[in-house]
Number of protein chains: 2
Amino acid sequence: MNFSDLIGRLQSDAYLAPHICNTNHAKGSQIIKQGEVCQDVIFLRRGLAQMSYVTFEGKEWIKSFFAENSVMGSRRCQIMGEPSHFAITCLEDCEVTAIPYDKLRSVCSKDPDLMAVFFDFNEQVSLRKEKREYEFLCLSAQDRYRGFLEDYAHIVPRLTQAQIASFIGITPIALSRIRKRINQAESLGVAGAQ
Amino acid sequence: MNFSDLIGRLQSDAYLAPHICNTNHAKGSQIIKQGEVCQDVIFLRRGLAQMSYVTFEGKEWIKSFFAENSVMGSRRCQIMGEPSHFAITCLEDCEVTAIPYDKLRSVCSKDPDLMAVFFDFNEQVSLRKEKREYEFLCLSAQDRYRGFLEDYAHIVPRLTQAQIASFIGITPIALSRIRKRINQAESLGVAGAQ
DNA sequence: GACTCGCATTAACCCGGGTTTATTGGACAT
DNA sequence: ATGTCCAATAAACCCGGGTTAATGCGAGTC
């Protein structure tokens, strides 16, 4: 089941329909604010968004990026009803569909197909998180950057260096130094190959 | 449903019973080896275990610790059937119950109660991973150490400094320095309060 | 053209953590 | 008592990344 089909199916569900909310958000606006409770599952139909923490010193660290056709939300909010530890911010104008978690879950519990979709979805999230934990534990910032360029090739052109740096856990200055190192190594490599 | 009840219930399931395997593992032995495929869900009934990566330079980084009454396994193996990126090693003698993931899943799909148990379990894992990602992104090694002492107070006495260091992503030497800093700050604090 | 604004880069300095090697001290065996 | 093993600490040195401040350098705007 692809993303559009999934949304279509949810929207045509009689029980769910009145709880579904389609909204647009301008670039720069926040879909969820840090410290706020939002128990919706948020389907991003168009645009680009980030999840990020702002520390008490005012520094922003990006947890993840989401492009069109992805599903967002704070597990903590959805499951526990507690305030979100992070914000969701639009990096481009975004079109989203929001559905309360408990409503979605109760529909899933009656529809094995849907249940399977979200179970698989959770598994995918688990795998991504497992990979990210590995990268922070075992890789240098430089290797995390290389990995990022591969894994996120499709959205890299839509991001700034500062955003990428924040995602891999370093400052923009450090990222700039890494890019310099990589470029120098490459030109040396080319020269060495001649 | 508590842990023993859950295992009892699984063991008394006629379909599952022939696939369930109870084994003992000596301290130091590996329940899953890095690079091996093991599609079992592993219930740790007694003992203490770790999941860890060994990098190609031979350094070991610990992903997580598991004490009695917890559930282990490689999502990647279970779901994708691919080799595990990490090993599970016994830090004490362990008693485990292993059940193939696909068998367990098919039983769950017919038993909403069980499905809910594992769905909740996945949610708990997600929350833990979310927290760990936050700690690596936003906290210093020293703050991660403080957090570890709080969150894992119940197993700290059973671990070495080297294991704790590996879990929070630093060397034992660095942890020793941090402990020294904390002790000095504490004795200063006490002195200052007099 | 001259102005600003935002992004990326650079340089200079500092500090936390890695690396290597050495030392201490407890547990255990002989 | 002596030797061995291992965990923990300590000292010396190096390097990556943080911090601050300065410098390009386009894209708009007036």
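Below, read A as the first sequence line, B as the second, and so on, with proteins coming before strands; counting in each chain starts at 1.
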Using the six-membered ring of A:Tyr53, assess whether NZ or CZ of A:Lys59 lies under 6.0 Å from its centre and within 45 degrees of the ring axis.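 Negative - A:Lys59 is either too far from the ring of A:Tyr53 or too far off its axis.
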Atom pair distance, as rounded to whole Å: [atom1] in [X] and [atom2] in [N]:
X        : N      : atom1 : atom2 : answer
B:Lys27  : D:dC6  : NZ    : C1'   : 12 Å
B:Arg179 : D:dT9  : CZ    : C1'   : 10 Å
B:Lys59  : C:dG18 : NZ    : C1'   : 8 Å
A:Leu175 : C:dC7  : CG    : C1'   : 12 Å
A:Ile168 : D:dG18 : CD1   : C1'   : 14 Å

Do B:Arg45 and B:Thr97 have side-chain atoms, one donor and one acceptor, less than 3.5 Å apart?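 Checked: B:Arg45/B:Thr97 side chains pair up, N/O donor to acceptor below 3.5 Å.
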Is there a donor-acceptor contact under 3.5 Å linking the side chains of B:Glu36 and B:Ser84?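 Distance-only check fails for B:Glu36 and B:Ser84.
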Quick check on D:dG18: is either OP1 or OP2 less than 4.0 Å from any side-chain nitrogen or oxygen of A:Thr171?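 Yes.
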As a test of reading the structure: which of D:dG17, D:dT9, C:dG16 is closest to the side chain of A:Ala174, going by heavy atoms?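 Nearest to the side chain of A:Ala174 among the choices is D:dG17.
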Minimum-distance nucleotide to A:Thr160 side chain [options: C:dG17, C:dC7, D:dG17]: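 So the nucleotide nearest the side chain must be C:dC7.
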So how far is it from [X] [atom1] to [Y] [atom2], rounded to the nearest 0.5 Å?
X        : Y        : atom1 : atom2 : answer
A:Phe65  : A:Ser166 : CZ    : OG    : 7.0 Å
A:Glu92  : A:Glu68  : CD    : CD    : 7.0 Å
A:Ile164 : A:Ile178 : CD1   : CD1   : 11.5 Å

Counting the benzene-type ring for Trp, do B:Phe167 and B:Tyr152 have ring centres under 6.0 Å apart?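 Aromatic pair counts; centres sit under 6.0 Å.
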Determine whether B:Asp120 and A:Arg105 satisfy the following criterion, salt bridge (charged side-chain N to carboxylate O under 4.0 Å, His left out), listing intermediate values before the conclusion. CA-CA 12 Å; B:Asp120 290 350; A:Arg105 187 158 170 179; 3.7 Å; yes
Quick check: do B:Arg46 and B:Asp93 have side-chain heavy atoms less than 4.5 Å from each other?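 Answer no - side chains too far apart.
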Going by heavy atoms closer than 4.0 Å, what residues in residues 131-145 of chain A are next to DNA chain C?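 DNA chain C contact set from residues 131-145 of chain A: none.
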Residue closer to the 5' end of DNA chain D, A:Ile178 versus B:Gln161 (nearest nucleotide):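 Checking each residue's closest nucleotide, the 5'-ward one belongs to B:Gln161.
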Summary of protein contacts for nucleotides 10-15 of chain D, nucleotide by nucleotide, where a base hit scores B, a sugar-phosphate-only hit scores S (4.0 Å, heavy atoms): BBB---
